[in-house]
Amino acid sequence: MSNWDRFLDSFFNARVAAEYLPKVIEGFWLTILLAGCIILTGLAAGLALAVLRSLGIRPLNWLIIFVVDLFRALPPLVVIVLLYFGLPAAGLSMSGFAAAWLSLSLVLMAFAEEIVWAGITAVPRGQWEAARSTGLGFAQTLGWVVLPQALRMVVPPLTNRTIAITKGTALASVVAVQEILGAAQAGVSFSFNPTPLTLGALAYLVLFLPVVILGRWVEARFAWKR
Amino acid sequence: MPGPILEARGLHKHFGHLHVLKGVDLLVQERELVFVIGPSGSGKSTLLRCLNRLEEPSAGSITVDGIDLLDRRTDINKARQRIGMVFQSFNLYPHMTALGNVALALRKVQGRGRAEAEARAREALDRVHLADRAGHYPGQLSGGQQQRVAIARAIALEPRVMLFDEPTSALDPELVGGVLAAMRELRESGMTMVVVSHEMGFARAAADRVIFMDGGRIVEQGPPAAIFGAPQEERTRAFIGQIERNHA
Ligand SMILES: Nc1ncnc2c1ncn2[C@@H]1O[C@H](COP(=O)(O)OP(=O)(O)OP(=O)(O)O)[C@@H](O)[C@H]1O
Ligand SMILES: [Mg+2]
């Protein structure tokens with residue numbers, strides 16, 4: 001067997017591919033479910049924290065900054081492992097899926113809060129003043145005037161960060177979640193052939209390329225002339 | 001003569017150790033156009049911003065249309081609808097059309113339905129001759145048009161007093177005229193106005209009274225002819241001389 005044939009047999013073995021494709025497809029849907037859950041809770045929690053922070057209540061803001069810095073500093077894998085393997089010692093146990101969901105949501109929340117907060121502070125003070133001078137209250141000004149502008153500004157970094165963190169769903173394979181990578185690795189250990197990993201990589205491309213393109217579209221759609 | 005529509009007494013404002021307003025009294029009669037001039041840093045903007053409580057005065061009292069503005073029980077958001085404000089940098093909401101900018105407070109503050117709010121917003125835009133730009137975003141309007149939309153946004157709420165903080169200083173010279181024309185029409189419709197500006201020609205033609213501020217105090221005030229023609233105070237003379245040299 002030539003090197004080239006060996007390469008083809010290792011990574012593009014049709015028989016192995018056919019056998020493990022269904023597993024990888026199952027993993028594909030599980031990845032989508034996990035990513036969707038993380039995006040929903042992570043972004044919602046991040047937005048909520050940024051809004052809370054804009055109230056300017058000192059002790060509350062210290063707490064928010066502490067939590068945010070904590071989850072920005074910790075590697076996501078450490079958070080997952082801590083929740084999955086550490087909590088049972090405290091009498092609480094959660095499934096691998098729940099541990100991955102909660103961990104990555106907390107990480108996304110932390111980054112989203114920082115990004116949205118930066119957007120809020122980047123809205124010129126004059127916008128607040130103009131809105132308040134017409135009698136709009138604090139919450140109305142935030143909701144109708146400041147947040148729409150802040151969110152538009154942060155769509156690009158927020159999209160990038162969201163994509164980066166949802167790619168972290170692959171870390172869930174460590175806590176026995178059969179998402180794409182988990183399913184592919186299982187396939188490799190059963191078949192003694194790395195082809196399932198090729199399928200996994202393809203599955204990630206199928207999943208994330210459209211997301212990246214969507215991110216671009218959103219970016220263009222949300223831009224406006226000043 | 002009816003009582004003053006706006007009455008500020010003994011206004012002081014501190015920013016930390018900086019004493020910016022040092023006891024300002026300002027009475028404005030209904031339909032009066034008061035013009036405020038003074039060197040940079042003399043406290044003109046701070047005074048205006050105190051008059052709708054964008055700044056909290058450190059001491060003093062402010063009454064607008066019979067409402068005690070500094071009383072804790074006063075609903076400031078309700079009171080602010082009676083005090084329109086126009087800013088040097090327009091401050092239009094960039095994510096809304098001209099119509100959306102004008103209609104926002106009509107809907108969210110005054111609680112009007114969309115149709116009524118937009119009808120009123122169109123009326124206000126018509127008053128500044130921008131009815132045909134209702135669907136444009138601020139980025140698609142010239143500076144002068146943006147400032148006129150900002151005026152429409154304020155007058156749509158039917159304020160009793162309008163405050164202008166250097167409404168034309170951010171504009172290219174050829175765009176100043178349109179904004180001044182809109183202000184003059186507003187004045188002719190009977191609006192009470194307090195205007196901070198360096199547009200001396202406008203002051204001469206339209207102001208009832210000119211106030212010269214320096215160092216956080218009102219130094220001198222009177223009819224435009226008197227202040228510009230025969231100022232009594234040395235500081236006023238120096239300032240007006242300087243302005244006239246700059247515009248010569
Ligand atoms: N929020 C603030 N915090 C601290 N100092 C301030 C603040 N706002 C204004 N000041 C100071 O108060 C003084 C008066 O400012 P103000 O803006 O009222 O002057 P002005 O007469 O409007 O000047 P200009 O003609 O340059 O607009 C200045 O020294 C300014 O630096
Ligand atoms: Mg000023």
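Naming: A, B, ... by sequence-line order, numbering from 1 per chain.
- If you take CG on Leu157(B) and OG on Ser133(A), they are separated by 8.5 Å, rounding to the nearest 0.5 Å.
- Of the two parts of Phe87(B), only the side chain, counted from C-beta on, holds a non-hydrogen atom closer than 4.5 Å to a non-hydrogen atom of chain A.
- Considering CD of Glu129(A) and CD of Glu55(B), their distance stands at 7.5 Å, rounded to 0.5 Å.
- Surrounding NZ of Lys13(B) are more than 12 heavy atoms belonging to other residues, nucleotides or ligands, all under 6.0 Å away.
- Contact annotation for Ile83(B): only backbone heavy atoms (N, CA, C, O) come within less than 4.5 Å of a heavy atom of chain A.
- Heavy atoms closer than 4.5 Å to chain A are found in the side chain of Arg49(B), but not in its backbone.
- Residue Trp117(A) places its CH2 atom among more than 12 non-hydrogen atoms of other residues, nucleotides or ligands, all under 6.0 Å distant.
- A donor-acceptor pair under 3.5 Å links the side-chain atoms of Gln127(A) to the main chain of Leu92(B), judged by distance alone.
- Environment of CZ in Arg31(B): sparse, with no more than 12 heavy atoms of neighbouring residues, nucleotides or ligands closer than 6.0 Å.
- Partner Lys108(B) forms a side-chain contact (heavy atoms from CB on, under 4.5 Å) with one of Val145(A), Leu136(A), Thr141(A) and no other, that one being Leu136(A).
- Here the closest heavy-atom approach between residue Thr134(A) and residue Gln81(B) is recorded as O-CG, 3.8 Å.
- Within the 3.5 Å criterion, the main-chain N or O of Gly126(A) finds a donor-acceptor partner in the side chain of Asn91(B).
- Atom CD of Gln140(A) and atom CG of Leu104(B) lie 8.0 Å apart (nearest 0.5 Å).
- Residues Arg80(B) and Arg132(A) come closest through the heavy atom pair CD-O, 3.0 Å.
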